[in-house]
Protein chains: 2
Amino acid sequence: MPAIGFEHHDHAHCVRSTLSKAEAHCADTGLRLTPVRRRALEILLAEHRALGAYDLLEVLASEGLGTQPPVAYRALDFLVKAGFAHKIEALNAYIACAHLGADHTPAFLICRGCNSVAETDTSPAQGRLGDAARAAGFVIERTVVEAEGLCPDCQKDAA
Amino acid sequence: MPAIGFEHHDHAHCVRSTLSKAEAHCADTGLRLTPVRRRALEILLAEHRALGAYDLLEVLASEGLGTQPPVAYRALDFLVKAGFAHKIEALNAYIACAHLGADHTPAFLICRGCNSVAETDTSPAQGRLGDAARAAGFVIERTVVEAEGLCPDCQKDAA
DNA sequence: TAGGGCTTGATATGTTATAACATCCAGCTT
DNA sequence: AAGCTGGATGTTATAACATATCAAGCCCTA
């Protein structure tokens, strides 16, 4: 599973295809992809960048889809629980899932230059973290793996 | 490097020894471990648990060491920059470093039952995350690795 | 068509974090 | 000793992130 986010790609296609997968998943499982939720996912998908809840709210508000914080947080909760989006803990911000449908443990590469975020995959339970957890008798339920640094473009700019 | 936090240990000794190391490090490098900073570190060291900035502020305030948020955030900034404490991103909270002096990339096991936190060590740049970063041409400067789950004691309680 | 459960609307508030500017103080300089 | 300098602290205000609560609407289905 490659990192998705920095390389150039057919973005329109990746947006459409993710939306289709989300719709199909909801149809299968009975989840309700309501107008606000669907639009929130579209907004996140529009960029490979993490958006704050209030950034999202601003866009929703400009479209008449709600003006108060709970609107954004409810939509984000839904998307995160459904696996359509992830929260980036280091930024207190949210990003659309780039590997929708794949069973994965997400990990993120966060560029401090341009704020773009690439999603990749990891298996922390199989590495040193998992070893430490087993040694301590700790049962892992969820992992947060995020790396901050510079993407290729921003390295060029810095040089 | 073992995980430190869940197992029973001589806590008074681990507090004293960490404070000594911090003092020695400041003496060596010219950093100033002022009364507020030193007391903040002591407060964090008092438990293997992450404290919010406002929790810390409450204690400092009760001792006449300052009443406004910047007091706590400045002390925490100093401790984090000096490597004496770490921020737990998943909790927006702070914990004293359990491996002071060792060159390490911290990783945390966070118990959702009792809020205790164990610090261990990881090498994300050598695992799958590092592979993905190299493949994407991304340069990692800092990593956040946190696992949420249940510690041994809380597993017993749940059963 | 009535009831239950999920969704949305609306108000208020709680929690985490920083900006901005004034003041103080220790150490150095002349 | 007077003055400068840089880090540390005091103080006020506000920005940014997140949730509790209760009322109202919608949709399914029995």
Side-chain angles (χ1 to χ4, degrees), chain A residues 22 25-27 29-41 43-44 49-82 84-95 110 112 115 117 144 146 148, chain B residues 22 26-27 29-41 43-44 49-82 84-95 110 115 144 146:
Chain A
H25 182 71
C26 287
T29 58
L31 291 175
R32 295 169 56 184
L33 193 61
T34 63
V36 183
R37 293 169 176 178
R38 188 194 153 93
R39 186 66 190 121
L41 179 54
I43 291 164
L44 291 183
R49 209 163 59 82
L51 287 185
Y54 282 71
D55 297 330
L56 173 64
L57 178 59
E58 197 174 332
V59 180
L60 292 173
S62 75
E63 299 176 359
L65 288 170
T67 60
Q68 300 305 316
V71 170
Y73 283 101
R74 284 167 180 161
L76 288 167
D77 278 355
F78 172 84
L79 296 176
V80 168
K81 283 196 178 122
F84 300 163
H86 302 293
K87 179 173 187 184
I88 308 294
E89 297 288 351
L91 301 177
N92 292 320
Y94 303 81
I95 189 166
I110 305 164
R112 69 170 164 78
N115 293 309
V117 175
V144 173
E146 301 171 3
E148 290 177 340
Chain B
C26 287
T29 58
L31 291 175
R32 295 169 56 184
L33 192 61
T34 62
V36 183
R37 293 168 177 179
R38 188 195 153 93
R39 185 69 190 118
L41 179 55
I43 291 163
L44 290 183
R49 209 162 59 82
L51 287 185
Y54 283 73
D55 296 330
L56 173 64
L57 179 59
E58 195 173 335
V59 180
L60 291 175
S62 75
E63 300 176 357
L65 287 170
T67 61
Q68 299 305 317
V71 170
Y73 282 101
R74 284 166 180 162
L76 288 167
D77 278 354
F78 171 84
L79 295 177
V80 168
K81 282 194 179 124
F84 300 164
H86 302 293
K87 179 171 187 184
I88 309 294
E89 297 288 352
L91 301 177
N92 291 319
Y94 304 81
I95 190 167
I110 304 164
N115 292 311
V144 173
E146 300 171 3

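This one's a predicted model, so the numbers in the text were calculated from it and none came from an experiment. Lettering of chains follows the sequences in order, A, B, ..., and the numbering in each one begins at 1. Values below: all heavy atoms of this structure, side chains included; hydrogens, waters and symmetry mates excluded.
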J.: Toward the 5' end of DNA chain D, which comes first, B:N92 or B:G64, by nearest nucleotide?
T.: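 On the 5' side of the pair lies B:G64.
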J.: Does the ring of A:Y73 lie flat against the base of D:dT19, closer than 5.5 Å centre to centre with planes under 30°?
T.: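 Whether judged by distance or by angle, A:Y73 falls short somewhere, so it does not stack on the base of D:dT19.
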J.: Would the base of D:dG10 count as contacting B:R74 through its side chain, where contact means a donor and an acceptor less than 3.5 Å apart?
T.: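 Side chain to base: pair found, below 3.5 Å.
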J.: When you compare the side chain of B:K87 with that of B:I95, does any pair of heavy atoms fall below 4.5 Å?
T.: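 A side-chain contact is absent here, since even the closest heavy-atom pair is not under 4.5 Å.
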J.: What is the distance, to the nearest angstrom, from the CG atom on A:L91 to the P atom on D:dA18?
T.: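 Taking CG of A:L91 and P of D:dA18, I get 11 Å after rounding.
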J.: For B:D77 and D:dG7, what is the distance between atoms CG and P respectively, to the nearest whole Å?
T.: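 Going from B:D77 (CG) to D:dG7 (P), I get 15 Å.
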J.: To the nearest Å, how far apart are A:L79 CG and C:dT7 P?
T.: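 After rounding, the gap between these two atoms is 12 Å.
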J.: Please work out if B:F78 contacts a base, only the sugar-phosphate, or nothing of the nucleic acid, heavy-atom cut-off 4.0 Å.
T.: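 Here B:F78 touches no strand at all.
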J.: Heavy-atom nearest nucleotide on DNA chain C for B:G52 versus A:Y54: which residue maps closer to 5'?
T.: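 This one resolves to A:Y54.
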J.: Expressed as a whole number of angstroms, how long is the span from A:E89:CD to D:dC17:P?
T.: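 Distance check: A:E89 CD to D:dC17 P gives 13 Å.
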J.: With a 4.0 Å limit, can you tell me whether B:T67 has a side-chain N or O closer than that to the phosphate oxygens OP1/OP2 of D:dG10?
T.: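 No.
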J.: Would you say the side chain of A:E89 lies within less than 4.5 Å of the side chain of B:V144, judging by non-hydrogen atoms?
T.: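 A side-chain contact under 4.5 Å is absent here.
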J.: Inspect the surroundings of CD in B:E63 and state if more than 12 heavy atoms from other residues, nucleotides or ligands are less than 6.0 Å away.
T.: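 Yes - once you tally the heavy atoms of other residues, nucleotides and ligands closer than 6.0 Å, there are more than 12.
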J.: Distance check needed: C:dT16 P versus B:K87 NZ, whole Å only.
T.: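 In whole Å, C:dT16 P and B:K87 NZ are 10 Å from each other.
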J.: Specify the separation, in whole Å, of atom CZ of A:R39 and atom P of C:dT8.
T.: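 Between P of C:dT8 and CZ of A:R39: 16 Å.
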J.: What's the closest nucleotide to the A:P70 side chain, out of D:dT9, D:dA18, C:dT11?
T.: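 Of the candidates, C:dT11 comes closest.
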J.: Between atom CZ in B:R37 and atom P in D:dG7, what is the gap in whole Å?
T.: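 Atom-to-atom, B:R37 to D:dG7, this comes out as 11 Å.
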J.: Report yes if some heavy atom in the side chain of A:L57 is under 4.5 Å from a heavy atom in the side chain of A:Y73; otherwise report no.
T.: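 A:L57 does not reach A:Y73 side chain to side chain.
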J.: Would you mind telling me which residue lines up with the more 5' stretch of DNA chain D, B:Q68 or A:R32, judged by nearest nucleotide?
T.: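 So the residue in question is B:Q68.
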J.: Find out whether B:L44 and B:F84 are in side-chain contact, i.e. whether some heavy atom of one side chain is under 4.5 Å from a heavy atom of the other.
T.: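 Not in contact.
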J.: How long is the line joining CG of B:L76 and P of D:dT9, in whole Å?
T.: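 Atom CG in B:L76 sits about 13 Å away from atom P in D:dT9.
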J.: Given D:dA18, D:dA8, C:dT8, which nucleotide is nearest the side-chain atoms of A:Y94?
T.: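 The closest nucleotide is D:dA18.
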